[in-house]
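Take a look at the structure below.
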Amino acid sequence: MFLNTVEIITKKRDGYSLSKEEIEFLIQGYVKGEIPDYQMAAWAMAVFFQGLTPAETAALTLSMANSGERLDFNSLGFVLDKHSTGGVGDTTTLIVLPLVALAGGKIAKLSGRGLGHTGGTVDKLEAIPGFKTELTEEEIFWQVENLGLAIAGQTKNLVPADKLLYALRDVTATVDSLPLIAASIMSKKIAGGAQGIVLDVKVGRGAFMKDLESAQKLAELMVDLGRQVGLKVTAVISDMEVPLSRAQGNSLEVLEAVNVLQGKGSRRLRELSLVLAGEMLALDNKKAHLANSLDNGLAYEMFDKLVTIQGGNLQKLKVKALYKKQLLAEKSGYFSVADALKIGEIVRDLGAGRKVKGAKVDPDVGIYFTRDLGDRINQGEVLATIYANNEAALVEAMAKLGGAVKIGPVPYNRPVVLDIIRSGAKL
Ligand code: URA
Ligand code: CA
């Protein structure tokens, strides 16, 4: 069959469905450089307005997943993965992996770097002196088989179609399309080789999805995609109005994950981690007293083992920022608001994240809140400490932080888990 790119774009523009062959043709042509950016951009805009059917979304996802190398863990039995759509103060991965491995699950987690105001697990782990996130396929296999868990940055060759398409969408106002987001995320998970996947779909000010309804739609789309390609997928929809933990910034967040791994630390981070780990185990037909593993120190020991095997030294992780400044509570009451978007931006601007592609991140800068959302605080007590490595950035962060938090008469009380969408239910 002879396919013509202009005809395919026209078809989508006019609201018709594309065949699997037409979608393959587009993705393969784009990755090979035979279809130029401007035609792909026109197609993405047509998709933005006309949408994709479930069959088209599945075809797109598989074409993308097949555009580069794919990992295959079938020889190791049932392997799990998790993915977050991007949040602030989210180190659930560091807590969930040891919990699941301790309960007998196997996890191969492929992680990304920070994007915009949201953090990335690879950036956080690299705050640990010596920690290596670039693992070969053989190293991932060895760790999953022998320790039960591995965590690695995405290899260069994983889903090249998404790298190209994501960069294009970023500059053509076509990121916010549910089928394109679903295909982008699920193609990477399919190529990652796990058979069971728990998705953490964030919703709120600090997330891609601002309202519960679109988060639910995205979650249902991804769970359904999983079913179409034979993967077990559960989506947990979680609150991102406020940062997930008291710590913001790479080193501070890893240290806070360690606190939670030792039975202490931020309540919301602990709660969501337990739910995500429980859902992962459920996909593998396993069950465990997960909270016990946090409280008895076993989860911390497992994390320490993981860090050591990947070349890191947790004992050497210290926050070495040059400047520290405290924000005091302006009145007495409950810690009632912390704007996840504003706080994500403040921490990024302190140097924890990037403003331009490929920039280096500063592991030591960030913010640490002395209270959980919902806790009481008295006027004049320390609410937060800012860690900075340059004075101008410190002054700017201090000026903005006051406007990002509020102490009020009612505690913050939005639940951290808002919905759970499992395959077979709700569709
Ligand atoms: N995260 C992704 O990986 N892809 C998207 O398109 C949006 C969020
Ligand atoms: Ca994240």
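For ligands, and for the atoms within them, numbers begin at 1 and follow the listed sequence.
Taking the centre and axis of the six-membered ring of F78, the NZ or CZ atom of K232 falls inside the cone set by 45° and 6.0 Å.
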Working note: R268 + D372, criterion salt bridge (charged side-chain N to carboxylate O under 4.0 Å, His left out); need CA distance, chi angles, decisive distance, verdict. CA-CA 8 Å; R268 298 174 77 80; D372 274 313; over 6 Å; no
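The pair K400-E345 fails the salt-bridge criterion, with no side-chain N (NZ, NE, NH1 or NH2) lying under 4.0 Å from an Asp/Glu carboxylate O. Comment: E22 does not engage K12 in a salt bridge, judged by the lack of any side-chain N to carboxylate O separation of less than 4.0 angstrom.
The single protein non-hydrogen atom nearest to atom 3 (O) of ligand 1 is K188 NZ, 2.5 Å, given as residue, atom name and distance. Scanning the protein for heavy atoms near atom 8 (C) of ligand 1, the closest one is F208 CE1, 3.4 Å. For atom 4 (N) of ligand 1, the nearest non-hydrogen atom of the protein is S184 OG, 2.6 Å. Among all non-hydrogen protein atoms, the one lying nearest atom 1 (N) of ligand 1 is I185 CG1, 3.9 Å.
Contact annotation: I181 has at least one heavy atom less than 4.0 Å from an atom of ligand 1. Ligand 1 does not have T85 within reach: every non-hydrogen atom of the residue lies 4.0 Å or more from it.
Of all the atoms in ligand 1, the ones that sit under 4.0 Å from a non-hydrogen atom of Y166 are 4 (N), 5 (C), 6 (O), 7 (C).
With a 6.0 Å radius and a threshold of 12 heavy atoms from other residues, nucleotides or ligands, K217 has its NZ atom at or below the threshold.
Applying the ring-ring contact (aromatic ring centres under 6.0 Å, His included) test to Y30 and every residue at least two apart in sequence or in another chain returns nothing.
For R169, a nitrogen or oxygen atom sits less than 3.5 Å from a nitrogen or oxygen atom of ligand 1, counting backbone and side chain alike.
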